[in-house]
There are 2 protein chains.
Amino acid sequence: MKIGELAKKTDCSVQTIRYYEKEQLLCTTQRSDGNFRLYDEAAVEQLLFIKHCRNLDLSLSEIRQLLTLKRSPGAQCDQVNRMMDTHIQQVETRIQELVQLREHLKSLRRSCSSERTIEQCGILQTLTTNQHQKR
Amino acid sequence: MKIGELAKKTDCSVQTIRYYEKEQLLCTTQRSDGNFRLYDEAAVEQLLFIKHCRNLDLSLSEIRQLLTLKRSPGAQCDQVNRMMDTHIQQVETRIQELVQLREHLKSLRRSCSSERTIEQCGILQTLTTNQHQKR
DNA sequence: CTTGACTCTATAGTAACTATAGAGTTTAAA
DNA sequence: TTTAAACTCTATAGTTACTATAGAGTCAAG
């Protein structure tokens, strides 16, 4: 199949597929006479694998590692487990940061009301004065 | 004062200050004979304002809007309020996405254990088979 | 007068795409 | 048979908010 069909089957854009090839995540094995990329079912599966990983916010570099690991089925899988643990930890940390940020934003928002002028705006006043807060 | 001193006073890198100038967030009003940028206390305050906004994850474009608004102190401040509300909503949404992602990652992680081979790896197996989940 | 610290501009790199330009290929209809 | 639409190709630039260079000029102290 050509790249357009692969794109449709995997719900991926054509440019993204070409980008993944450039990034060594999906190699094109064959080309047609007119130099069009040709793919088989294995490519569909690999691309879906990549998409599943991206849904988990894994980076392209992490995915590249996973694809490499998949090529040695006899090896131990603790590298995969460790990658997941690290990733979970990162997501956890980010959630905590955002929760703090949200509270900060909310309290800032409470410092103002409608019907005020820019000059009286509690938000701008707080942002203008020296705050001593860490993220 | 020259750019290095401004950088130190605001805990900002010299490059970042020059970048903010290029992005129209902080204009340099004066130059020395040797073409060095010169700043006053107002610049320190403006840069600190920008930093506070960045700590709240406001984008440079949003900050640019706020700086413009600050220049008409008599105007109504509901634009500021609305910007904050939108921003809070975005953070909220992102938190919810990340919480879902975390649960997804955790359940995926539970599908594997140490002491397995790549072939048996529950994580890779799940990622390989067709999943039907939305983000 | 030279050394070192500072500053200048311009350019490229980061992540993961997205969007274009300008060209060539294939398929279907007129 | 031609021609038009739809597809594909490569290469390049844009996105965000910086960071990191290169190569040159400026300034103060010893």
Side-chain angles (χ1 to χ4, degrees), chain A residues 1-39 43 46-47 49-67 83 86-87 90-91 94 97 101 135, chain B residues 1-39 43 46-67 87 90-91 94 97-98 101 135:
Chain A
M1 80 192 79
K2 285 184 285 181
I3 199 168
E5 197 182 335
L6 177 62
K8 207 165 279 177
K9 272 195 181 173
T10 56
D11 194 29
C12 227
S13 81
V14 165
Q15 300 103 292
T16 300
I17 295 173
R18 287 197 279 247
Y19 175 68
Y20 285 165
E21 178 177 330
K22 204 179 123 218
E23 292 297 311
Q24 314 253 45
L25 290 166
L26 186 71
C27 61
T28 309
T29 41
Q30 290 185 60
R31 292 279 181 137
S32 74
D33 289 351
N35 198 33
F36 287 5
R37 290 171 178 82
L38 296 177
Y39 298 97
Q46 178 138 343
L47 189 44
F49 177 85
I50 295 170
K51 281 205 74 183
H52 296 149
C53 292
R54 290 295 299 138
N55 280 341
L56 299 173
D57 260 4
L58 292 170
S59 69
L60 297 193
S61 147
E62 287 171 317
I63 298 171
R64 217 174 354 249
Q65 288 173 55
L66 288 179
L67 288 170
M83 184 186 293
T86 305
H87 197 66
Q90 284 165 2
V91 172
R94 186 67 187 140
E97 282 172 7
L101 176 62
R135 255 262 252 154
Chain B
M1 81 193 78
K2 284 184 286 182
I3 199 168
E5 197 182 334
L6 177 62
K8 207 165 277 177
K9 272 195 181 171
T10 56
D11 194 29
C12 227
S13 81
V14 166
Q15 300 103 292
T16 300
I17 296 173
R18 287 198 279 247
Y19 175 69
Y20 285 166
E21 178 177 330
K22 205 180 122 216
E23 293 296 312
Q24 315 253 44
L25 290 165
L26 187 71
C27 60
T28 310
T29 41
Q30 290 185 60
R31 292 279 182 139
S32 75
D33 288 351
N35 198 33
F36 287 5
R37 290 170 178 83
L38 295 177
Y39 299 96
Q46 178 138 342
L47 189 44
L48 286 175
F49 178 85
I50 295 169
K51 280 206 75 183
H52 296 149
C53 292
R54 289 295 299 138
N55 280 341
L56 299 173
D57 260 6
L58 292 171
S59 69
L60 298 193
S61 147
E62 287 171 319
I63 297 171
R64 217 175 353 249
Q65 288 173 57
L66 288 180
L67 289 170
H87 197 67
Q90 283 165 2
V91 172
R94 185 68 187 140
E97 282 173 7
L98 285 180
L101 175 61
R135 255 263 251 155

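So that the names make sense, note that chain A is the first sequence line, chain B the second, and so on, each numbered from 1.
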N/O (side chain, [X]) to phosphate O (OP1/OP2, [N]) under 4.0 Å:
X: A:T16; N: C:dT18; answer: yes
X: A:Y20; N: C:dA16; answer: no
X: A:R54; N: C:dC17; answer: yes

> Salt bridge check: are A:E5 and A:K8 linked by an N-O gap of less than 4.0 Å?
Replying inline: no
>> On DNA chain D, compare the nucleotides closest to A:Y39 and B:Y19; which residue's is nearer the 5' end?
In response: A:Y39
>> Can you work out whether B:S59 or B:S32 has the more 5'-proximal nearest nucleotide on DNA chain D?
In response: B:S59
Test your reading of the model: is there a side-chain donor-acceptor pair from [X] to the backbone of [Y], 3.5 Å cut-off?
X: B:K2; Y: B:F36; value: no
X: A:R54; Y: A:I63; value: no
X: B:R18; Y: B:I3; value: no
X: B:H87; Y: B:L56; value: yes

Please give, in whole Å, the distance from [N] [atom2] to [X] [atom1]?
X: B:K8; N: C:dA5; atom1: NZ; atom2: P; value: 12 Å
X: A:I63; N: C:dC17; atom1: CD1; atom2: C1'; value: 13 Å
X: A:L58; N: C:dC17; atom1: CG; atom2: C1'; value: 17 Å
X: A:Q15; N: C:dT18; atom1: CD; atom2: C1'; value: 6 Å
X: A:K22; N: C:dC17; atom1: NZ; atom2: C1'; value: 10 Å
X: A:R37; N: C:dT26; atom1: CZ; atom2: C1'; value: 17 Å
X: A:L38; N: C:dT25; atom1: CG; atom2: C1'; value: 13 Å
X: A:N55; N: C:dC17; atom1: CG; atom2: P; value: 11 Å

>> Over all strands shown, is B:S13 touching base, sugar-phosphate only, or nothing at heavy-atom distances under 4.0 angstrom?
In response: sugar-phosphate
>> Would B:Y19 and B:L60 count as a side-chain contact (heavy atoms from CB on, under 4.5 Å) here? Give the steps.
In response: CA-CA 11 Å; B:Y19 175 69; B:L60 298 193; 3.6 Å; yes
>> Side chain of B:F36 only, heavy atoms from C-beta on: which candidate in C:dT7, C:dA16, C:dT18 is closest?
In response: C:dT7
> First contact, last contact: which nucleotides of DNA chain D are these for chain A, 5' to 3', heavy-atom distance under 4.0 Å?
Replying inline: D:dT8 to D:dT10
> Nearest heavy-atom pair of B:L98 and A:R94: which atoms, and what distance?
Replying inline: CD1-CG, 3.6 Å
